[in-house]
Amino acid sequence: MATSSLARPLRSSVLLSSLRGLHHRRLTARGRFLLWATVALAFVGVDTRRALVFALFALAAPPLLLGLRLLVRGRPSVRLSGRIPARLTAGRTATATIEAVAEGEATLPLSVLWAAPLPAGAGLDVAPVESCIEAAARRPARVRLTLTPRRRGRFLLPGLGVARTDLFGLVRSKAVWLPEQVVLSYPRYYTLDELPLPVGRRYQPGGIPLASAVGDSLEFVGTREYREGDPLRKIHWRSWGRLGKPVVKEYQEEYFSRIALVLDTFLPPRPRARERERFEAAISLLASVAGHFSRSDEVVDILAAGPDLYEVSTGRSLGYLDNVLDILACLEPSPAPPFQSIAPALFERLERLTTLVAVMLEWDDARETFLRRVRAMGVAVRVLLVHEGETRKPWASLSADLGEVARLTPAQVEARLAAEEAP
């Protein structure tokens with residue numbers, strides 16, 4: 001009996017889900033409107049002797065009944081092509097064109113639809129939700145989609161499809177689908193023309209080849225005469241044969257700047273709107289700084305601690321700005337201070353780092369201790385503090401012994417973003 005009582009609600013939920021799917025996929029917007037209008041007219045005009053509403057029902061029902069034959073029709077002979085951009089930027093509208101080509105000679109009336117509700121409530125606006133087109137073999141139909149993410153994040157777009165419709169555009173046949181697609185919305189960022197840093201140069205074991213993940217070999221710069229004590233593996237045999245005396249290969253050990261960008265991601269478990277706004281401003285600022293260094297010769301290590309530690313390196317063939325923005329698009333705040341997870345990975349690199357740029361959300365003892373430890377190991381420090389009002393601990397007097405600390409409010413970051421996005 002218990003199993004039977006559980007099975008009934010299960011069958012009921014499956015039936016309701018199937019009916020909702022039929023309602024969404026097999027009826028167009030006008031078909032859904034006419035269906036419910038017909039149901040209402042049937043209910044109101046049930047007594048044909050007292051009201052003439054049944055006449056309206058008699059006019060509304062036949063088009064729906066004629067279109068029902070498409071429920072048993074197969075998919076149309078249509079070929080779909082095109083792709084939605086996989087990467088967008090929050091606040092910026094992007095477009096995509098999907099093309100439908102009929103494989104037969106006849107012109108087909110088609111309806112464009114999505115396989116499931118769009119993630120508009122999650123922060124991505126897509127238009128159109130539905131549309132009607134006509135496709136032929138020699139006259140392809142094009143659907144122009146506009147996508148506007150209102151925030152950064154990861155969105156799953158359902159499959160886009162086309163189905164044949166009846167003459168009135170009420171009922172659809174089965175559809176031809178493009179696959180569902182993941183879309184990343186990058187954080188907003190602006191062009192940072194300059195960022196004065198106390199950069200220096202340090203020896204990098206392996207030089208640029210190692211930094212570019214090519215290998216441990218040094219940079220070959222030329223040849224010279226053999227000197228006593230030179231290892232045999234450095235002999236350049238071809239030059240020895242040509243000159244008739246020992247010649248060895250000469251390498252240059254590489255010295256260049258290596259910068260670490262660290263993002264403070266700590267927010268309380270239930271952050272207030274002002275704290276969340278500060279967090280988003282910090283991500284936009286870090287993205288802007290990363291974009292600045294992506295155009296330079298420095299090697300940049302980026303560390304951000306959310307629920308997990310994220311690490312990516314860019315510059316000198318190590319990676320691209322897109323790799324950084326992919327991580328920042330999905331980064332969430334950390335409910336625990338992130339310096340415990342950042343510190344081990346960072347201190348392993350300190351002997352190769354020249355400068356640390358830290359984007360901080362607050363100033364307190366834990367953050368100051370972390371930065372002082374970095375400074376004590378010979379690494380220059382530059383702090384970008386995203387905060388409005390008073391911090392937990394004063395910071396203005398620390399520039400002399402810790403490094404330059406610059407404060408920006410979320411409103412100032414927003415002003416820079418708005419100026420960048422203005423036409």
Side-chain angles (χ1 to χ4, degrees), residues 83-96 114 116-129 145-160 180-192 261 263-292 294 302-308 310 312 320-335 338 359-362 384 386-388 408-423:
R83 187 168 179 81
I84 297 170
R87 293 177 173 89
L88 308 173
T89 301
R92 299 180 184 177
T93 299
T95 60
W114 297 90
L118 292 167
L124 178 62
D125 297 328
V126 183
V129 177
L145 303 174
T146 60
L147 302 95
T148 308
R150 298 194 301 272
R151 63 169 183 83
R152 64 179 182 87
R154 179 184 183 275
F155 303 97
L156 180 62
L157 277 181
L160 180 69
E180 64 181 13
Q181 181 179 336
V182 172
V183 174
L184 289 180
S185 174
Y186 285 166
R188 300 162 64 202
Y189 61 96
Y190 55 87
T191 302
L192 197 61
L261 305 184
L263 177 63
D264 176 9
T265 61
F266 173 62
L267 286 183
R270 294 182 179 178
R272 294 173 291 180
R274 185 179 65 178
E275 293 170 328
R276 187 74 196 199
E277 179 184 357
R278 189 188 307 161
F279 178 73
E280 295 299 330
I283 287 183
S284 293
L285 180 59
L286 184 76
S288 304
V289 174
H292 170 75
S294 70
I302 298 174
L303 296 96
D308 300 304
Y310 298 96
V312 63
Y320 302 94
L321 183 60
D322 284 349
N323 302 123
V324 179
L325 296 178
D326 284 347
I327 291 176
L328 295 182
C330 306
L331 188 66
E332 291 298 323
S334 173
V359 179
M360 294 292 181
L361 300 175
E362 183 57 90
L384 302 176
V386 181
H387 199 281
E388 70 290 339
L408 295 90
T409 65
Q412 289 174 323
V413 175
E414 178 61 32
R416 291 293 304 269
L417 293 170
E420 181 85 7
E421 296 165 357

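The figures that follow rest on heavy atoms only: side chains count, while hydrogens, waters and symmetry mates do not.
- Among all heavy-atom pairs drawn from A287 and L321, the shortest one is O-CD1, 4.5 Å.
- Summarising the geometry, atom CD belonging to E275 is positioned 9.0 Å from atom CD belonging to E362; distances are rounded to the nearest 0.5 Å.
- Side chain of S284 to backbone of R188: a donor-acceptor contact under 3.5 angstrom is found.
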side-chain contact (heavy atoms from CB on, under 4.5 Å) between V126 and I84, intermediate numbers included:
CA-CA 11 Å; V126 183; I84 297 170; over 6 Å; no
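- Within the 4.5 Å cutoff, the side chain of F155 has no heavy atoms near those of the L88 side chain.
- Among all heavy-atom pairs drawn from A96 and P85, the shortest one is CB-CD, 3.7 Å.
- Once rounded to the nearest 0.5 Å, the distance linking NE2 of H387 with OG1 of T409 reads 11.0 Å.
- For the atom pair CG (D322) and OH (Y186), the distance works out to 4.0 Å, reported to the nearest 0.5 Å.
- By the 4.5 Å heavy-atom criterion applied to side chains, Y189 and L328 are not counted as neighbours.
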side-chain contact (heavy atoms from CB on, under 4.5 Å) assessment of R83 paired with Q181:
CA-CA 9 Å; R83 187 168 179 81; Q181 181 179 336; 4.0 Å; yes
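- With rounding to the nearest 0.5 Å, the separation of CG in L192 from CG in L285 is 8.0 Å.
- Contact check on E280 versus R152 returns a salt bridge, with a Lys/Arg side-chain nitrogen under 4.0 Å from an Asp/Glu carboxylate oxygen.
- Minimum heavy-atom separation, V324 to A290: CG1-CB, 4.0 Å.
- Here the side chains of L160 and L145 are in contact, with some heavy-atom distance below 4.5 Å.
- Put simply, the side chain of R276 reaches to within 4.5 Å of the side chain of P333, judged on heavy atoms.
- A salt bridge is absent between R278 and E414; no separation between the charged side-chain nitrogens and carboxylate oxygens falls under 4.0 Å.
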Residues F266, L361; criterion side-chain contact (heavy atoms from CB on, under 4.5 Å); working and verdict
CA-CA 8 Å; F266 173 62; L361 300 175; 5.7 Å; no
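- Atom-to-atom distance recorded for L286:CG and L325:CG is 9.5 Å, nearest 0.5 angstrom.
- A side-chain donor-acceptor contact under 3.5 Å links S288 to the backbone of Y190.
- Contact of the L124 side chain with the S185 side chain is not registered, since no non-hydrogen atoms from C-beta on lie closer than 4.5 Å.
- The shortest distance between side-chain heavy atoms of T89 and P149 does not fall below 4.5 Å.
- Considering CD1 of I327 and CG of L184, their distance stands at 11.0 Å, rounded to 0.5 Å.
- Within the 4.5 Å cutoff, no side-chain heavy atoms of S334 are placed close to those of L267.
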Using the rule given for side-chain contact (heavy atoms from CB on, under 4.5 Å), can you reason through V359 versus L261, listing the C-alpha separation, both sets of side-chain angles and the distance that settles it, and then say yes or no?
CA-CA 8 Å; V359 179; L261 305 184; over 6 Å; no
